[in-house]
Amino acid sequence: METYTEERITAYGELEEERACYRDSTYSIISKVAYLIGVPFHIFERKYEPPKLDVYESMDKDKNARIIRHLCIVRNAIERGFGHISSLMRQEHRSILSVPEYIPQESIDQLSMDGICFAKKANTKLNQHIMEINRIISDRINNCKFFFPVWLNWSYVRDIFLMPKGLTEEGTKEAARVYFENLECYPYKIYINWVPQANGNILYNDKKFVTLLYQWHNDYFADYNKVSDAGSFVKSSIYDFIEEADRAVMAVDCENSDPYRLCATLNGLEAEAISKIQKIILFDDVHTVDAWRILESHTDIPVEHVMTERVKQSKSLVDIEMTARTCMEHYKNMVDSFIIVSSDSDYWGLITSLPNARFLVMIEREKCGPDMKMALANSGIFYCYIDDFYAGNSEDIKKSALFNAIYRRINKTLCFNAIEMFESALAETRIEMPEAEKRQFFDKYIRKMHLIMDKGGNVSVQLNIK
């Protein structure tokens, strides 16, 4: 059985900033880029190469992604074998479509099956084939935008695929010159549009790639929790804590925690490993963001929402309610292990008042002061940062919360019965209609009503009166 010694926790605390720079990265973005630029399939098959096979298999089912990938493969093959291909076209009158020793026939065939033909004339110069491929890529690359998260600047990603001045012969020649002079700097020796630098494999992981991508555009990327995840030490420590518990409960101070980060944390932990947590208790306040409603849809752990009232508007009672309930869970329900989610130092009193209980604390890096961290470390209590967990998919969580909030407001504002409205209008106007005519009128004009919005965002309902 592994224990959390004071030395172990203290070492963790002292090295936290250094380890933050080397947190486990993710590979989703670089795998998608690798697929689209044409990294060979066998690279994805290798266990220790960064690009992931499951991403390849998923993207290869999409026509738009396949088209970009195989156009890039053909473009790169032409660049690499330009002299030999030109010679075969001149001396043996070969078509660009019939040089399988230089251009993969698989890519030619796949493009044909997907309805793409870049070779329209038999006597076309090789440079003109590259220009046509560049044109098609430029026209179609935006079809792949949805593969990437909305927080990633799409224009930066898009630029990778666009050859500068690639619709001119001069542009293609210049791109070829830069490419061959710096071949070893290109990822897997595949052409992309960038200023070649000796940065190693730029597709090593998401964190490295996105950082460099923004630097190339004189920009700065700092949201590293979107391209990295908490390390194995943190996760294994959480799993060990839960496994050693007889009864475990997670208590969340909603005033001092971020709902989206906690959702990302729960999503980043193995469901089976945390299934021993009996429930998550949310201690909330009427002034707290209602985004906490979404938590239940992002975990299989039962969620209990405790709402506290305010006696004085300036003073929250969440900390008192959370302290009292935690003590009750310990003494009455025999809960021996608590995961406290809060960056508030007020809970140190709670922790010290239950000497027989075990605690693990989840905090946010910038919200929790050094004194609290030192107190936790000196007491042998493990703590971790919820903002270290991968949050690249947090946009889905935020959209879910936003849509729920919008629907609630729509229902409050626009909830009415169209049939009752129609009957009231008939009575008000003293118009009599046979039932058949009423149904026809309703279907033609009312059933197809829709919302319209002006430039100021004002919304109104419009009947189908055409």
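- Residues His305 and Asp284 have side chains that bring a donor and an acceptor to within less than 3.5 angstrom of each other.
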Could you list the donor-acceptor pairs under 3.5 angstrom formed between side-chain atoms of residues 163-170 and any protein atom two or more places apart in sequence or on another chain?
from	atom 1	to	atom 2	distance (Å)
Thr168	OG1	Lys165	O	2.8
Thr168	OG1	Gly171	N	3.0
Glu169	OE2	Lys173	NZ	3.4

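- Using cut-offs of 30° and 60° for the angle between ring planes, the Phe221 and Trp151 rings count as tilted.
- If you check the side chains of Asn225 and Tyr385, you find no donor sitting under 3.5 Å from an acceptor.
- In Glu423, the CD atom is crowded: over 12 heavy atoms of neighbouring residues, nucleotides or ligands sit closer than 6.0 Å.
- By the 4.0 Å N-to-carboxylate-O rule, Arg261 lies close enough to Asp387 to be salt-bridged with it.
- In this structure, a donor-acceptor pair under 3.5 Å is present between the side chains of Tyr156 and Asp219.
- Using a 4.0 Å cut-off between charged nitrogen and carboxylate oxygen, Glu329 and Lys279 count as a salt-bridge pair.
- Looking at Leu266, Leu282, Ile242, Ile301 one by one, the single match for side-chain contact (heavy atoms from CB on, under 4.5 Å) with Met250 turns out to be Leu266.
- Checked options Asn153, Asn142, Asn193; the residue passing with Arg158 is Asn142 (criterion: side-chain hydrogen bond (donor to acceptor under 3.5 Å, both in side chains)).
- Salt bridge Glu79/Lys189: absent, no basic N to carboxylate O contact under 4.0 Å.
- Enclosure of atom OH in Tyr204 is not indicated, since only 12 or fewer non-hydrogen atoms of other residues, nucleotides or ligands lie within 6.0 angstrom.
- A donor and an acceptor atom, one from each side chain of Asn256 and Ser343, are nowhere located under 3.5 Å apart.
- The number of heavy-atom neighbours closer than 6.0 Å to CD of Glu304, taken from other residues, nucleotides and ligands shown, is above 12.
- The shortest non-hydrogen separation linking Thr26 to Lys226 is OG1-O, 4.5 Å.
- Scored by the ring-ring contact (aromatic ring centres under 6.0 Å, His included) test, Tyr35 finds Tyr56 as partners (sequence neighbours excluded).
- A 6.0 Å sphere centred on CG of Leu402 holds more than 12 heavy atoms belonging to other residues, nucleotides or ligands.
- Cation-pi geometry between Lys52 and Tyr27 is satisfied (NZ or CZ under 6.0 Å from the ring centre, within 45° of the ring normal).
- The pair Arg135-Asp139 counts as a salt bridge, with a side-chain nitrogen and a carboxylate oxygen less than 4.0 angstrom apart.
- Crowding of Asp223 atom CG: a count of heavy atoms from other residues, nucleotides or ligands under 6.0 Å exceeding 12.
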Please step through side-chain contact (heavy atoms from CB on, under 4.5 Å) for the pair Cys263 and Leu295, ending with a clear verdict.
CA-CA 6 Å; Cys263 279; Leu295 189 65; 3.5 Å; yes
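- Salt-bridge formation is detected for the pair Arg365/Asp388: a Lys NZ or Arg NE/NH1/NH2 atom is positioned less than 4.0 Å from an Asp or Glu carboxylate oxygen.
- Around the CZ atom of Phe146, the shell of radius 6.0 Å holds more than 12 heavy atoms that belong to other residues, nucleotides or ligands.
- Looking at every heavy atom in both residues, Glu57 comes nearest to Lys61 through O-CG, 3.4 Å.
- A salt bridge links Asp229 with Lys235: the distance from a Lys NZ or Arg NE/NH1/NH2 to an Asp or Glu carboxylate oxygen falls below 4.0 Å.
- Shortest non-hydrogen contact noted between His70 and Ser107 is ND1-OG, 2.9 Å.
- Ring geometry, Phe422 versus Phe442: the interplanar angle falls from 30° to 60°, so the pair is classed tilted.
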